[in-house]
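The next block holds one structure in the form of structure tokens; read it before the comments.
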Amino acid sequence: MTMFALGLGLLAPAHAADTTTTADRDEEEDDERLLAIGVHAGPRVPLDALGLAILPRAEVGILVPNLNEHLLVFATVGWTAPPASGDAPDPRVPGGSYAWDLTLNELQIGLGLTLDLAPRGWHVHPELSVAPQLFLLRTRADGRAEGQPFGPYREEWPEWGGMAAVGVGLDVGPGRILVRVEGELAPLDGLITGAFTSVGIAPTLGYRFMF
Amino acid sequence: MRPFVLLFFGVGGCSYSLVGPTPTLSGVDPSLVCGDQLTTEVAVNGAGLAPVVSDALVGEALLLPDLTLVIQTPLGVDGPPGTVIELDEAPGGDVTWASAARMNIAVTPGLALPQGIYDLTVVNPDGQEATLSPALAVVDAPTITSASTSSGCATTGDPLISVEGTGLLVVGGAPFTVTFDDVPVVPDAIGGCAPIGFGDVERCTSFTITVPDIAAGPHEVRVTNPAPAACASEVAPVEVAVPAAVLDVQPGTMCASGGSLTLTGTGFVLGSIVSLGGVDATTSTVVDATTIEATFSATGLPPGLYEVVVTSPDGCAATAPSTVQVDAAPSLYDVLPDVFYAAVEMDATLFLQGVTGTVDAVWLIEQADGTQVDLLFDATDPDRIVATIPAGLDEGPYDVFVQADGLCPGALTAAITVEADATIAFSAAEPDMVWLESSPTIDLFASDPAPVGTVQFQDVPRVWLIPQGTTGVAIELTGIWFFDPTHISCEIPPGTAPDAYDLLITNPDGTVGYAAGVLGVTVLPGPKVSAVTPLAVPFGATETIVIDGLYFRDPAIELTCRDPDTGTVTTAAAGVVASDYTSITATIPTATTGTGVCELKLTNDDGTWRKWPSIAVYDPAQPLWDWAAGPDLNVARRGAAAAIGRATPRARFLYAIGGDDGTTGGALSTIELAPIDAFGDLGPWRVLERELPAARTLAGVAQIGRFVFLVGGDDGTGPVDTFWRAEVLDPTIAPYYDGIELAYGDGTALTEGKWIYKVAALYDGTDPVNPGGESLPSDPFIANVPNVAPTMEVTITWQLAYGAIGYRIYRSPAANSASGSEEWLTDVAGISTLSFTDDGLTTSPLHHPIPLGGLGPWMELSPLPYPAVGPAVTVATAPTDPFLYYVYAAGGYDGAALHDEVSWIDVTQSYYPEFQYFGTWTSGGSTLPAPVFAAGAWTVQPPQHTVTAPGEAFVYFGGGRTSATGAGTSAAVVRGAIQTGGDLDALTGQASLGAGRAGFAVGSGADGLYAFGGGGGAATSDGIGADVLAGGSLAGWGAHPSALSTARLHAASAQEAAVIYVIGGDDGAGATVATDQSNL
């Protein structure tokens, strides 16, 4: 499937394009899909001291049977690497101050639920997703004072957090085009970063295959 | 949060980790710092010294690598090894970061680093670390503990300032710097330096500096260590004294013997010492800063002008502007005696030097209260003033003064001591009557143990005789011989007037002994005994004896007898049947004396007396007493020769000569002797310094007069035919004391104290008596050298010893050495050299004086007809000539065969005991029944045996080994009568020994012959005896009831009067040291 194809699917009127009979739909509805695989991407807009970063995410799920595809149990993996930098005075280093920069790599692994809120027969599907996530973190940091580099440090550690998303899906092709807004939150405690709560919002666009 | 393990996707960790650069350390600069310095920035060099930003998102903080110092080696008292010093990396702390290759440590006093050598460890924030060992040495600032002027002063030369301190560093050869009054000075010398064990760094503890033209007053010295530990010490004060100045000295003259001076001037300080001509004052009293009073005892300075110098404790010296004239004074260097008994008046001899005219006065000053006692004196010899010390003086020390020629008095401080109590436990003098012309020796005894509050003799006391009938000089006795604390002997000087004398004895510690009327000197000589016959009489009846000698004048005889078994001592008077000037016939009440060994005491009608050891009263039922073990030899000896020697009539000795260690190959050349007391008991054995010319074992032995003869034997390599003779040295022909003088000299070794000299005569190699030998030593010459400067010389003078070609001088090796420790000092040549001046020569242990009883050199006489091991030897007096002796030797082994010949040599004894004349060995026609060796030989003749008639003399040979290598022994005994010329008539068989016997000891006396040990040619302890019948025949041999203390083979035997000694031999296990004795 191409993005062009997805666009055609989204723009098509649900009923005008529907040439099948009610019996056919009933037959289709009786033939529920079980698997869903989707990808999303969008910018992570920080609500903390970190900088802007891309947040791609993939998910794979199972549509719970006999619920007319209203409940998806999925596993998700996302990644983002927001940067940060700064400077501070310190009498112990040349020039009396130093500058620093870091990049916080986050690999987010979650297991969640998506609830399709659309009534039966709709081609537009508002949905709500939630998932607790394991954040596997790596900070790369360095500093300098009067041009003298400190030397690079790498800090790694895991944290627990969570993700929630609201969006709407439009049936296109074998799946749906999804527009979502994700929110993620994780209390982090690294030596380099210090103890803080990572909070970010990511508007994403994606597509979910359903089989 | 640290969850359990999950999958890792390459962008995050499942567990916590922090990883940064790896640090390394390459060095610190500087590596030596002073902990007390204000701030020393120490660069820590390396790589990967990486800080890390922390809490970057919540307010930054920078984490620097941790730096830690650990004491590896302490350099001070604080901080043991392993002490950890965590440096403060916080802002404002001890550490800063310059780059990944360098950090800095600010070493400040506030850091309080203990002195030491440190290791440095850096730990990055991720935990990676590196250590540099050793990295840094920390020392404290130097300190000055003392600074003083050790010599010199403000106006005399350049003062040398000595400084003691700690932590004075020398780094790479560059020493600390010194400022004196803020002016740099270079140390003259630096001392007490030792490496600290880090780099080329030393720490020192002292130095000296010389500061020219220094002014008196306070000064400052400071030390700064070299960079990089360039700490400076505190300022230390140095006080340079204001120099003293002597403006005047009064009086301008002083006696060399001593006096007082008063010095006036400025700047005198306590502890200053006044000297005159380099001689320090006895006392220097600083009255105040302007006056010093000085007193001098004997200065020893010759007359002349001398500078007066005051030396302050800091070494500053000031010289008086005028000199002091020292006038001559007689030098009084000794006073004898130096201890006086307050109860008697005695004369003292004052020894002086430098008196050229008239002696004006002699006086004492009692040290306790300064009382002056003027003395009467005789200055006929101005160098030997005799002054009378009156009785009744207070106890205590006195100074002695002599004024002569109207000049300064000579003085000797504490020259004499007066003692009021006589505390020496003197008990007796023997003899207590002596002849004025005999120069006799008397023995003095002290009570043993000494009663409470008294003492015995000390080594060496001094002894004086104080005449009772005449006033006059106490006579000091010479030749004091210290035997032990209970016994000394001394010589009565020739010319001692007939009188009764008191005795005064002074010990070296000043204790005094005094006894009134203990010695009489007589006009006529006392009795002198030369022979007593018989030497043994049977118990029961009154027996008659004959005493030959000289100077018998209506004598009385007393016997003191001791039972050897019980030790009971009995005294009885002998009856004098007849007497004349040379002979006494006396009767002995044996029933009163009991059995035992008796000492005779003959007393003339004028009280002179003499003792004679010894005769025996024996039990006819048992002619011999039970054997008693005597003292052991020093050296185990088999086949030794035993002989008796009388150095004097009462000084008797038993000799053990040569022998072997159990085999003839181990033949010995050493000689031992043991003294014999009045009752025949032996004292301890002593090995003589002079040995035989060569080893001898299984030799025959004979005695004639003062001489011992050694016949044949084995020298360790085989049989020899030698015939040797040695003299028992006569103490009466030793050099005799003739004076001792002390004088100032240039010697260096005769320090204060007692020095003992002895002189022995040396004889030419052709001397007929003592060829190439030396005499016994003289009695001791005792010099008490006073403590005077310069040192003294001692001159000893002796009388001519007849026949001497020179003299050997012995002296104690050091002042106050014990009597008997004398060593060879030197030899002086020439018969007319009769004095020797000792200026401090060193003695040599190569020679020591020959002890009483010592033997002269062994002279080789006419050889035997053949080499003979184990000849049977005996000696007899010619029946018709009391001055003619025959020495018989029978049998023996020549190395190839046994012999049966009987040979003899004639020896003619001169009227003078030291002269003998010899024939040559002759083999007679009579022969032994069979060739033997190790047989026994006996002589029977008057006076030892009473059954023989005058003119009768018999020689007996018996036993012996009949094979040189086998075990065969003979029991045969033969007898021959001595014919004119010495030959024996035909040897006739006698009662046999009963069983074969060889290598046995023999005895003869009281009409009996005896044989001990050697039964069957083996080591046995049995003994047998046979009576001699009238006409010389033997009754049968019977067993002796008493056994030797040890089984013996080839034991030696000798007989003195009535006592038989058996020594050494082979006890079956080898040569033995055991001895036995018994009595007829």
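Please read all numbers here as calculations on a predicted model, not as lab measurements. Just so it is clear: chains get the letters A, B, ... in the order the sequence lines come, proteins before strands, and each one is counted from 1.
Neither the backbone nor the side chain of A/Pro187 comes within less than 4.5 Å of any heavy atom in chain B. Contact of A/Ala88 with chain B is made through the side chain alone, with heavy-atom distances under 4.5 Å. Contact of A/Ala195 with chain B is made through the backbone alone, with heavy-atom distances under 4.5 Å. Of the two parts of B/Ala61, only the backbone, made up of N, CA, C and O, holds a non-hydrogen atom closer than 4.5 Å to a non-hydrogen atom of chain A. For A/Leu104, no part lies under 4.5 angstrom from a heavy atom of chain B. Looking at A/Asp48, there are no atoms closer than 4.5 Å to chain B (heavy atoms on both sides), in backbone or side chain.
The CZ atom of A/Phe150 sits 8.0 Å away from atom CG of B/Leu64, with the distance rounded to the nearest 0.5 Å. Between atom OG of residue B/Ser99 and atom CZ of residue A/Arg144 there is a gap of 15.0 Å, rounded to the nearest 0.5 Å. The structure places OG of B/Ser17 at 11.5 Å from CG of A/Leu191, a figure rounded to the nearest 0.5 Å.
Contact tally against chain B (heavy-atom pairs below 4.5 Å) for A/Pro149, A/Ala84, A/Ala81: the top residue is A/Pro149. The candidate with the highest count of non-hydrogen atom pairs below 4.5 Å against chain A, out of B/Asn124, B/Asn104, B/Leu49, B/Asp55, is B/Asp55. Interface summary for chain A: among B/Ala100, B/Ala90, B/Ala56, the most heavy-atom pairs under 4.5 angstrom belong to B/Ala56. Taking B/Gly93, B/Ala98, B/Pro51 one by one and counting their heavy-atom pairs under 4.5 Å with chain A, the maximum is reached by B/Pro51.
Among all heavy-atom pairs drawn from A/Pro152 and B/Pro21, the shortest one is O-CD, 3.3 Å.
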side-chain contact (heavy atoms from CB on, under 4.5 Å) evaluation trace for A/Ile192 with B/Leu18: CA-CA 9 Å; A/Ile192 296 175; B/Leu18 178 65; 4.1 Å; yes

Steps toward side chain to side chain donor-acceptor pair (under 3.5 Å) verdict (A/Tyr98, B/Glu60): CA-CA 10 Å; A/Tyr98 62 93; B/Glu60 301 88 342; 5.7 Å; no

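Without hydrogens or angle criteria, A/Arg92 side chain to B/Leu63 main chain gives no donor-acceptor distance under 3.5 Å. Of the possible donor and acceptor atoms, one in the side chain of A/Tyr153 sits under 3.5 Å from a partner among the backbone N and O of B/Ala50.
Each of B/Val53, B/Leu57, B/Val58 was compared with A/Thr193 under the side chain to side chain contact (heavy atoms under 4.5 Å, CB included) criterion, and only B/Leu57 meets it.
Ring geometry, A/Trp157 versus B/Tyr16: the interplanar angle falls from 30° to 60°, so the pair is classed tilted.
Counted within 6.0 Å of CG on A/Leu113, heavy atoms from surrounding residues, nucleotides or ligands total more than 12; the atom is thus considered enclosed.
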